[in-house]
Amino acid sequence: GKRVGGRYQILSRLGEGGMAIVYKAKDLILDRLVAVKTLRQELADDEEFVRRFRREAESVASLSHPNIVAIYDIGEEDCYYIVMEYIEGMTLKEFIKDYSPIAINETIHIMKQILQAIAHAHDHGIVHRDIKPQNILINESEQVKVTDFGIALAVSSATITYTHSIMGSAHYLSPEQAKGGKATIKSDIYALGIVMFELLTGKLPFPGTSPVSVALKHLSSPMPFPRDFRNDIPQSIENIVIRALAKDPAERYEYVTEMYDDLNTALDPERANEKRLILN
Ligand code: ATP
Ligand code: MG
Ligand code: MG
């Protein structure tokens, strides 16, 4: 069969996105399964895409966390490629589609892992910028791994243009990004709020097929309440989504760790009488 970089034998296709095709492969030297992400051939002549592809490997390689897909190798023999940990399982998008409604305890278990991964990235100065269920992998024992830091950027870097910010999916775009603002820790938190909404309800809070109309909903449509979709959601859990999806960044969680702590204590008996959070 086909080989990449001499030592990686391509076995099958795992998935693809806008930028890359990901294969299951065997590392012939270490004799183990890996995932090989290859930059699409038609993008390989574009310097900007090559730079972004490399940056993905660099930003993730600086991280080491049980809930972040590990990077093993990069190369440019045959094609531009990134070799990473192979995750046997499915994307969170497929998981939600297949298993919704997901039990509250399970939702908490999954969200806590995602929040720990993103908190770790933020701790190291890396904003993910493309958080969505398609970029989160989950295995049979419900262990979660965040992947695709493809447009991740060190927080200290220059501002991101509007074209860059709409590269990700419009469904996960924060209101301030919809207005052309740069991606920040707070826009990652907004995307985490959308993912949590989907886990709880099986639906997007701001659906639609036109990116412009979806962006306008993020900006001005009031958020639907998860408890109106399903009556077994504790108010303390719904309040986390309300806080994460605050349209005004000043009212949103400041750090992922705050959201994590809130989630961690959500089922404590003393929070049983919590009232719905009202934001300005
Ligand atoms: P996007 O358009 O979202 O930027 P992309 O082109 O950057 O996507 P990825 O999201 O990294 O590509 O990967 C595409 C798909 O390949 C994923 O949605 C997932 O289904 C699969 N995949 C990616 N990495 C792995 C992995 N390490 N193990 C197993 N499957 C993977
Ligand atoms: Mg992706
Ligand atoms: Mg990507």
Side-chain angles (χ1 to χ4, degrees), residues 4 8-27 30 32-44 46 48-61 63-75 79-98 113-114 117-118 121 126-153 160 163-173 177 183 187-188 191-192 194-195 198 204 211 214:
V4 168
Y8 305 106
Q9 176 120 49
I10 303 300
L11 301 174
S12 61
R13 182 187 288 231
L14 289 168
E16 57 187 290
M19 216 179 149
I21 304 173
V22 181
Y23 298 96
K24 180 178 177 177
K26 188 177 174 184
D27 177 347
L30 289 175
R32 63 173 176 181
L33 291 175
V34 294
V36 177
K37 179 169 182 171
T38 62
L39 182 63
R40 284 180 180 282
Q41 194 57 54
E42 59 269 32
L43 301 178
D46 189 318
E48 174 58 27
F49 280 107
V50 172
R51 212 175 315 126
R52 197 177 299 154
F53 194 68
R54 281 225 190 80
R55 192 165 66 210
E56 166 171 4
E58 285 160 15
S59 44
V60 194
L63 304 173
S64 170
H65 190 276
N67 301 114
I68 296 176
V69 172
I71 298 287
Y72 296 149
D73 190 16
I74 62 165
C79 59
Y80 291 97
Y81 64 87
I82 299 171
V83 183
M84 56 189 157
E85 180 183 1
Y86 165 62
I87 309 301
E88 168 121 60
M90 53 170 81
T91 70
L92 196 63
K93 191 76 182 175
E94 296 160 332
F95 182 87
I96 290 168
K97 190 168 156 280
D98 289 0
Q113 295 178 72
I114 301 168
I118 302 302
I126 291 167
V127 176
H128 187 291
R129 299 174 75 225
D130 198 17
I131 296 169
K132 55 184 178 186
Q134 295 91 322
N135 288 337
I136 299 168
L137 304 169
I138 183 164
N139 71 12
E140 276 212 323
S141 44
E142 289 189 6
Q143 203 198 0
V144 170
K145 303 255 186 185
V146 176
T147 184
D148 199 5
F149 286 68
I151 50 176
L153 211 59
I160 295 126
T163 25
H164 270 97
S165 62
I166 59 166
M167 289 243 354
S169 167
H171 294 118
Y172 304 87
L173 201 65
Q177 283 174 289
S187 50
D188 271 358
L192 289 165
I194 305 270
V195 172
E198 283 184 270
L204 285 161
V214 171

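We count ligands from 1, going down the list as the structure has it; atoms in each ligand are counted the same way.
With hydrogens and angles ignored, the 3.5 Å screen pairs no side-chain donor or acceptor of H171 with any backbone N or O of A191. Checking side-chain atoms of R40 against main-chain N and O of I21 turns up no donor-acceptor pair under 3.5 Å. Within the 3.5 Å criterion, the main-chain N or O of R51 finds no donor-acceptor partner in the side chain of E56.
Residues D148 and K132 are not paired through a salt bridge, judged by the lack of any N-O separation under 4.0 Å between the basic side chain and the carboxylate. The pair E58-R54 does not meet the salt-bridge criterion, since no charged nitrogen lies less than 4.0 angstrom from a carboxylate oxygen.
Polar contact with ligand 1: present for D148 (N/O pair, distance under 3.5 Å).
Between the CD1 atom of I126 and the CZ atom of R55 there is a distance of 11.0 Å, given to the nearest 0.5 Å. Note that CG of L33 and CD1 of I87 are 11.5 Å apart. Values are rounded to the nearest 0.5 Å.
Selection from M84, Q134, K37 by nearest heavy atom to atom 24 (N) of ligand 1 gives M84. Here atom 31 (C) of ligand 1 lies nearest to L137 when heavy atoms of L137, I87, V36 are compared.
With a 6.0 Å radius and a threshold of 12 heavy atoms from other residues, nucleotides or ligands, E140 has its CD atom at or below the threshold.
Below 4.0 Å from some heavy atom of G15 lie the following atoms of ligand 1, by number and element: 15 (C), 16 (O). Heavy-atom contacts of D130 reach the following atoms of ligand 1: 3 (O), 4 (O) (cutoff under 4.0 Å). Contact atoms of ligand 1 toward E16: 14 (C), 15 (C) (distance under 4.0 Å to a heavy atom of the residue). Every atom of ligand 1 is numbered from 1 in the order shown, and the set under 4.0 Å from a heavy atom of K132 is 3 (O). Within ligand 1, counting atoms from 1 as listed, the ones closer than 4.0 Å to a heavy atom of T91 are 18 (O), 19 (C), 20 (O). Listed by number with element, the atoms of ligand 1 under 4.0 angstrom from any heavy atom of A35 are 26 (C), 27 (N), 28 (N). For ligand 1, the atoms closer than 4.0 angstrom to any heavy atom of N135 are 3 (O), 10 (O). The distance from ligand 1 to the heavy atoms of M19 drops below 4.0 Å at these ligand atoms: 6 (O).
With a 4.0 Å heavy-atom cut-off, ligand 1 is reached by no atom of E56. Within the 4.0 Å heavy-atom criterion, neither part of I21 lies near ligand 1. Heavy atoms of A20 found under 4.0 angstrom from ligand 1 belong to the backbone as well as the side chain.
Rounding to 10 degrees gives 90° for the angle at the Mg ion (ligand 2) between OD2 of D148 and OD1 of N135.
Residues K26 and V34 are not in side-chain contact: their nearest non-hydrogen atoms beyond the backbone lie 4.5 Å or more apart.
The side-chain tip of R32 points at the ring of Y72 from less than 6.0 angstrom away and within 45° of straight on.
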